[in-house]
Amino acid sequence: ALLVGEMPVGEVVASPLRFRSPTYRAFLEGLENGSLPGRPRRRIVAAGDTLAGWRVLHPASEDRFSLADDGAMVLRGECRGVRVLLLSDLATAGQEALLARGAPLEAEVVVAGIPSRGEPLPAWLVERIRPRWVIWTDAAVPPPKHAGPELRGRLEAAGVRSVSISDVGAVTLEVRGERVELRSARAGVLDAWRIATTARPGLSPGGPDER
C-alpha cells in the first residue's frame, strides 16, 4: 500500500489463494473497493496463465496450503534463449506441488528467496531445474533469511553458481544479441556467456523484456 502511494501503479497481480496476513487482506480489500491511491486494478492469475510474457507455473486455483510460502507465485520466462525462473520464497509443499504439476522448470537463471520453513532449492529441485546461476533475494539479518555458506556450498558442489543480493547489492541480467551478462551493483560483472538466438520450444512467444 505504501508503494502504491509513492508511484503510479495501474495493475496489481495476485494469486487466487487466500492468506491469513491482515495487511495483505486489507490491501486486497483496498484494491476491490477503490480506496487506494490511483485506484489500481486487481488481476488474478494462476498456473497456466501468462503475465507480460511470463508463464505462471504456481499456484493453481485449486491449491490449498497452510503455510503462506507454499503459495508463493512462480513465473517462468524466456528472452532470446535465456530461461529465467522466478521462484520467490517457495517452501517444501509448494515445491512438491510445482514438481507434481509437470510444468517445464529448466532455466539458466533462478531468482529465489529463503522460505520461513523448509529447505530453499533442495537438491532434487536443483536437479530438475539445472540452473547456471541462482540469485538469492535474501537479507543479511536475521540469519535464517540469509543464504549462508552452507547453502551456497551445496549449490557449488552441484555445479551451480549463486550470489546473494545481501552481499553484492542489486543484480542485473542483460541479454544483447547472443551475449548474456550478469552483473551486480557492488561486484561488477559476475558472469558473461554466449547463447544461440533460437528460442526453445514450450514457451509462449514474446517473452519478458530483455532486462
In the single-linkage hydrophobic clustering (I, L, V, M, F, W, Y; side-chain heavy atoms under 4.5 Å), do [X] and [Y] co-cluster?
| X | Y | answer |
| --- | --- | --- |
| Leu3 | Leu28 | yes |
| Ile129 | Val163 | no |
| Leu151 | Ile165 | no |
| Val171 | Val175 | yes |
| Leu57 | Leu17 | no |

Listed partners of [X] passing side chain to side chain donor-acceptor pair (under 3.5 Å), at least two apart:
| X | answer |
| --- | --- |
| Arg179 | Glu181 |
| Glu106 | Arg128 |
| Arg42 | Glu32 |
| Ser35 | Asn33 |

Between atom [atom1] of [X] and atom [atom2] of [Y], what is the distance when rounded to the nearest 0.5 Å?
| X | Y | atom1 | atom2 | result |
| --- | --- | --- | --- | --- |
| Ile44 | Asp49 | CD1 | CG | 10.5 Å |
| Met73 | Leu87 | CE | CG | 13.0 Å |
| Leu173 | Asp191 | CG | CG | 10.0 Å |
| Phe19 | Arg25 | CZ | CZ | 11.5 Å |
| Arg55 | Leu86 | CZ | CG | 14.0 Å |
| Ile195 | Arg132 | CD1 | CZ | 10.5 Å |

Suppose the criterion is side-chain hydrogen bond (donor to acceptor under 3.5 Å, both in side chains): which pairs have a residue in residues 135-149, not counting sequence neighbours? Asp138-His146, Asp138-Ser164, Asp138-Ser166, His146-Ser166

Quick note, side-chain hydrogen bond (donor to acceptor under 3.5 Å, both in side chains) partners involving residues 11-20, not counting sequence neighbours, are none

Closest heavy-atom pair and its distance - [X], [Y]:
| X | Y | result |
| --- | --- | --- |
| Thr92 | Gly118 | OG1-CA, 3.6 Å |
| Ala14 | Tyr24 | CB-OH, 3.6 Å |
| Leu90 | Asp70 | CD1-O, 3.5 Å |
| Ile114 | Pro144 | CG2-O, 3.2 Å |
| Ser61 | Pro16 | CA-CG, 3.7 Å |
| Gly5 | Pro37 | CA-CG, 4.0 Å |

What residue pairs, at least two apart or across chains, pass salt bridge (charged side-chain N to carboxylate O under 4.0 Å, His left out) with a residue in residues 112-123? Glu119-Arg154

Should [X] and [Y] count as side-chain neighbours, where that means a heavy-atom distance under 4.5 Å?
| X | Y | result |
| --- | --- | --- |
| Phe27 | Leu36 | yes |
| Arg152 | Asp167 | yes |
| Leu105 | Leu125 | yes |
| Pro131 | Glu108 | no |
| Pro40 | Leu31 | yes |
| Thr50 | Val45 | no |
| Val126 | Val160 | yes |

Partner set under side-chain contact (heavy atoms from CB on, under 4.5 Å) for [X], not counting sequence neighbours:
| X | answer |
| --- | --- |
| Ala60 | Ala47, Glu62, Asp63, Arg101 |
| Ser116 | Leu67, Asp69 |
| Leu51 | Val13, Arg43, Val56, Leu75 |

Evaluate Leu85 against Val74 for side-chain contact (heavy atoms from CB on, under 4.5 Å), listing each step before the verdict. CA-CA 7 Å; Leu85 184 68; Val74 177; 3.8 Å; yes

Might you confirm whether atom CZ of Arg161 has over 12 heavy atoms from other residues, nucleotides or ligands at distances under 6.0 Å?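 Check passes, neighbour count above 12.
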
Note: Arg83-Glu78 ion pair, threshold 4.0 Å (strictly below): no

Quick test of your reading: applying ring pair (Phe, Tyr, Trp, His ring centres under 6.0 Å), list the pairs with at least one residue in residues 80-114, sequence neighbours left out, ordered by first then second residue. none

Report the residue from Val84, Leu182, Leu190, Val110 that forms a side chain to side chain contact (heavy atoms under 4.5 Å, CB included) with Ile135.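 Single side chain to side chain contact (heavy atoms under 4.5 Å, CB included) partner of Ile135 among Val84, Leu182, Leu190, Val110: Leu182.
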
Contacts of type ring pair (Phe, Tyr, Trp, His ring centres under 6.0 Å), residue Phe65, not counting sequence neighbours: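 Testing Phe65 for ring pair (Phe, Tyr, Trp, His ring centres under 6.0 Å), a comparison that skips the adjacent residues, returns His58.
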
